[in-house]
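Here the structure comes first, spelled out in structure tokens, and everything after it is commentary.
What you see is a predicted model, and the numbers here were worked out from it, not measured in a lab. Starting from 1, each residue takes its place in the sequence as its number.
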Amino acid sequence: MPLQISHYLLLTLLSSVVIMAYGFQLLLNVPGEKDLTVYRFSRRVLAAAYLSLASLGILEIFLQNETSEGAVVSSFTLMIAGFQAFLFTFALMALIRPDYITRHLLGVHFGVITLVSAVLLISLFGFGGMVHTVIFRLCLVGYVGQLVWYVRKFRQIYGEGIRRLSDFYAEDEDRRLHWINRCFYMALTIGILALVGAFMRSFYYHFFIPLYTVFYVYFAVKYCNYVPVFHYVLRGIALPSPALSVEMGDTEDIGIMPEVVMDTAEKDPSNVVAAFNNKQFTERLQQWIEDKKYLETGKNLSDVAEELGTNRSYFSRYLNTHEECDFRNWRSRLRIEEASRLLLIYPDKSVSGIADMVGFSDRSNFHRQFTTIIGMSPQNYRKNRE
């Protein structure tokens with residue numbers, strides 16, 4: 001066997017062994033907490049995918065001599081890339097929108113990819129020649145369509161996850177999801193490189209195989225270490241969007257609001273939001289602002305809604321309707337307005353110190369928010385008013 005082919009087979013074998021090892025690692029020490037059901041399921045699916053992909057690599061080694069090297073390498077690369085796109089996209093979306101991932105959805109996508117891969121293999125080993133070339137090119141087109149669909153779906157799910165997290169927590173809590181976004185686009189890059197590899201010679205894979213193997217290791221480690229963050233993030237992103245939760249019968253746990261909501265709904269069912277105009281609620285909200293409770297840290301939308309005697313869904317709808325912003329931006333605006341006052345009252349206090357006083361732990365976030373809301377940096381604001 002030529003030396004070049006031996007290098008390729010050796011890299012494929014080593015990569016398959018490493019990926020298989022991390023596949024077994026994903027099956028070990030899986031947390032058993034009740035609220036991690038989706039995480040457990042997605043992690044097991046991920047492990048099965050790792051083991052399947054490693055098995056495909058080993059199978060490729062045994063089939064290498066059955067036909068031409070180029071056709072085998074290109075076909076298996078395309079199959080593995082299709083499974084990889086499916087695997088990483090759904091594993092990541094499970095961390096953002098657990099309610100979106102179902103066994104049926106996974107089964108449909110897995111079944112389609114498996115069927116297409118089987119047809120490609122049959123064309124490769126059963127027919128070859130022009131038949132395989134045509135089917136291979138059709139599969140390439142299908143793979144491009146798969147990537148496009150996954151990118152659009154992931155961006156939609158990720159955007160929804162960020163909105164839910166921003167609505168539930170304050171400041172830059174969405175940074176906890178940045179690694180998910182980063183991993184997705186890293187996986188997409190690997191997928192595009194795999195597409196390029198379908199038209200390249202063997203030496204290309206001497207670079208490509210180590211690259212995707214390192215990524216597989218990185219992804220498995222991050223996924224295993226995500227458990228502590230998942231507990232935190234799940235509270236904000238696994239709940240229905242508040243704006244979609246305000247229904248006619250959704251008066252449960254609403255504190256001071258049910259009678260007003262039902263009375264308003266009876267008069268005009270399309271105007272449930274008008275229930276927020278009741279005097280008791282607005283007085284409580286005004287008092288809450290006057291007491292500067294917005295400076296308190298560690299409180300999310302649900303906590304504040306409970307203090308005001310309502311629930312998160314109705315409070316969020318109130319902010320969207322009357323303040324024309326979500327909870328995060330509303331509270332940030334109140335904090336920045338207080339910060340602008342404190343900058344002048346305490347001219348000797350550092351900007352970081354003022355940021356801490358109004359509830360911002362991240363100075364860069366405070367600077368960005370201040371500039372957006374006030375129209376200039378904290379330093380310039382203080383300087384212009386001295």
Please test Thr89 against Lys153 for side-chain contact (heavy atoms from CB on, under 4.5 Å), starting from the C-alpha separation and ending with a verdict.
-> CA-CA 9 Å; Thr89 301; Lys153 179 56 65 173; 5.9 Å; no
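- Leu334 contributes atom CG, which lies 11.0 Å from atom CG of Asn329 (distance to the nearest 0.5 angstrom).
- Cluster membership check: Leu121 shares its hydrophobic cluster with Val131, using side-chain heavy-atom separations under 4.5 Å among Ile, Leu, Val, Met, Phe, Trp and Tyr.
- Residue Glu324 places its CD atom among 12 or fewer non-hydrogen atoms of other residues, nucleotides or ligands, all under 6.0 Å distant.
- Looking at residues two or more places apart in sequence or on another chain, you find a ring pair (Phe, Tyr, Trp, His ring centres under 6.0 Å) between Phe154 and Tyr158, Phe184.
- Of all heavy-atom pairs between Val119 and Ile135, the closest is CG1-CG2, 4.0 Å.
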Could you walk me through whether Glu338 and Arg341 pass salt bridge (Lys or Arg N to Asp or Glu O under 4.0 Å), step by step?
-> CA-CA 5 Å; Glu338 176 66 9; Arg341 189 181 69 86; 2.6 Å; yes
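- What you find for Arg382 and Leu343 is that their closest heavy atoms are NE-O, 3.0 Å.
- Between the CG atom of Leu211 and the OG atom of Ser15 there is a distance of 10.5 Å, given to the nearest 0.5 Å.
- For the pair Gln369 and Arg335, the minimum side-chain heavy-atom distance is 4.5 Å or more.
- Contact annotation: the side chain of Asp326 never approaches that of Leu319 to less than 4.5 Å [non-hydrogen atoms, C-beta and beyond].
- In terms of the side-chain hydrogen bond (donor to acceptor under 3.5 Å, both in side chains) criterion, Asn225 has no residue partners (sequence neighbours excluded).
- Not counting sequence neighbours, the partners of Pro31 by the side chain to side chain contact (heavy atoms under 4.5 Å, CB included) test are Glu33, Leu36, Tyr39, Arg43, Val227.
- Applying the side chain to side chain contact (heavy atoms under 4.5 Å, CB included) test to Arg44 and every residue at least two apart in sequence or in another chain returns Leu27, Arg40.
- In this structure the side chain of Tyr216 never reaches within 4.5 angstrom of the side chain of Val18, judged on heavy atoms.
- Side-chain contact between Phe110 and Leu106 is absent, with no heavy atoms from C-beta onward closer than 4.5 Å.
- Side-chain contact between Gln287 and Glu290: present, with at least one pair of heavy atoms (C-beta onward) separated by less than 4.5 Å.
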Begin with the C-alpha distance, continue with both residues' side-chain angles, and end with the deciding distance and a verdict on side-chain contact (heavy atoms from CB on, under 4.5 Å) for Cys183 and Phe88.
-> CA-CA 8 Å; Cys183 277; Phe88 288 114; over 6 Å; no
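- Annotation: side-chain hydrogen bond (donor to acceptor under 3.5 Å, both in side chains) contacts involving residues 118-127, sequence neighbours excluded, comprise Ser123-His132.
- Interatomic distance, CD of Gln84 versus CZ of Phe215, reported as 6.5 Å (0.5 Å rounding).
- Both Ile80 and Leu13 are part of a single hydrophobic cluster, where members link through side-chain heavy atoms under 4.5 Å apart.
- Proximity of Phe281 to Glu283: side-chain heavy atoms (C-beta onward) are nowhere separated by under 4.5 Å.
- Shown here are the side chain to side chain contact (heavy atoms under 4.5 Å, CB included) partners of Thr12, two or more places apart in sequence or in another chain: Tyr8, Ser16, Glu60, Ile61, Ile209.
- In this structure, Tyr50 has no side-chain hydrogen bond (donor to acceptor under 3.5 Å, both in side chains) partners at least two apart in sequence or on a different chain.
- Sorted by first then second residue, the ring-ring contact (aromatic ring centres under 6.0 Å, His included) pairs that include residues 328-355, not counting sequence neighbours, are Trp288-Trp330, Phe315-Trp330.
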Quick one: do Thr310 and Tyr318 satisfy side-chain contact (heavy atoms from CB on, under 4.5 Å)? Show the steps, please.
-> CA-CA 11 Å; Thr310 183; Tyr318 175 88; over 6 Å; no
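- Note: the hydrophobic cluster containing Ile374 also contains Ile345 (ILVMFWY, side chain heavy atoms under 4.5 Å, direct or indirect links).
- Heavy atoms only, all atoms of each residue included: Leu120 and Phe136 are closest at CD1-CA, 3.9 Å.
- Atom NZ of Lys299 sits about 9.0 Å away from atom CZ of Arg331, to the nearest 0.5 Å.
- In this structure, Tyr212 is not a member of the same hydrophobic cluster as Val214, with clusters built from ILVMFWY side-chain heavy atoms closer than 4.5 Å.
- Under the 4.5 Å side-chain contact rule for hydrophobic residues, Phe86 and Val108 do not share a cluster.
- Side-chain contact between Phe208 and Val196 is absent, with no heavy atoms from C-beta onward closer than 4.5 Å.
- Closest non-hydrogen pair, Tyr381 versus Met376, comes out as CA-SD, 3.4 Å.
- Residues Thr102 and Leu105 approach most closely at OG1-N, 3.1 Å, considering heavy atoms.
- Between Leu295 and Met357 there is no side-chain heavy-atom pair separated by less than 4.5 Å.
- Just one of Leu92, Leu26, Ile190 meets the side-chain contact (heavy atoms from CB on, under 4.5 Å) condition when paired with Phe219; it is Leu92.
- Between Ser313 atom OG and Leu301 atom CG the span is 8.0 Å, to the nearest 0.5 Å.
- The aromatic rings of Tyr100 and Phe90 sit parallel to each other, their planes meeting at less than 30°, with 60° as the upper class boundary.
- With sequence neighbours excluded, the residues forming a side chain to side chain contact (heavy atoms under 4.5 Å, CB included) with Ser55 are Met20, listed by chain and number.
- The side-chain hydrogen bond (donor to acceptor under 3.5 Å, both in side chains) check on Glu337 picks up nothing, with sequence neighbours excluded.
- Ion pairing of Glu307 with Lys293 is absent here, as no side-chain N (NZ or NE/NH1/NH2) approaches a carboxylate O to less than 4.0 Å.
- When atom types are taken as modelled, the side chain of Asp303 and the backbone of Asn300 share a donor-acceptor pair closer than 3.5 angstrom.
- Side-chain atoms of Arg317 and Asn320 include no donor-acceptor pair closer than 3.5 Å.
- Nearest approach of Thr371 to His367, heavy atoms of both residues: OG1-O, 2.8 Å.
- The distance from atom OG of Ser316 to atom CZ of Arg328, rounded to the nearest 0.5 Å, is 14.0 Å.
- Every residue two or more places apart in sequence or in another chain that forms a side-chain hydrogen bond (donor to acceptor under 3.5 Å, both in side chains) with Tyr185 is listed here: Arg155.
- Around CZ of Arg152, the count of heavy atoms belonging to other residues, nucleotides or ligands within 6.0 Å does not exceed 12.
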For residues 138-147, dump all side-chain donor-acceptor pairs below 3.5 Å to protein atoms at least two apart in sequence or in another chain.
| from | atom 1 | to | atom 2 | distance (Å) |
| --- | --- | --- | --- | --- |
| Tyr143 | OH | Gly191 | O | 2.9 |
| Gln146 | NE2 | Gly82 | O | 3.0 |

Can you check side-chain contact (heavy atoms from CB on, under 4.5 Å) on Val358 and Phe370, steps first, answer last?
-> CA-CA 12 Å; Val358 297; Phe370 194 98; over 6 Å; no
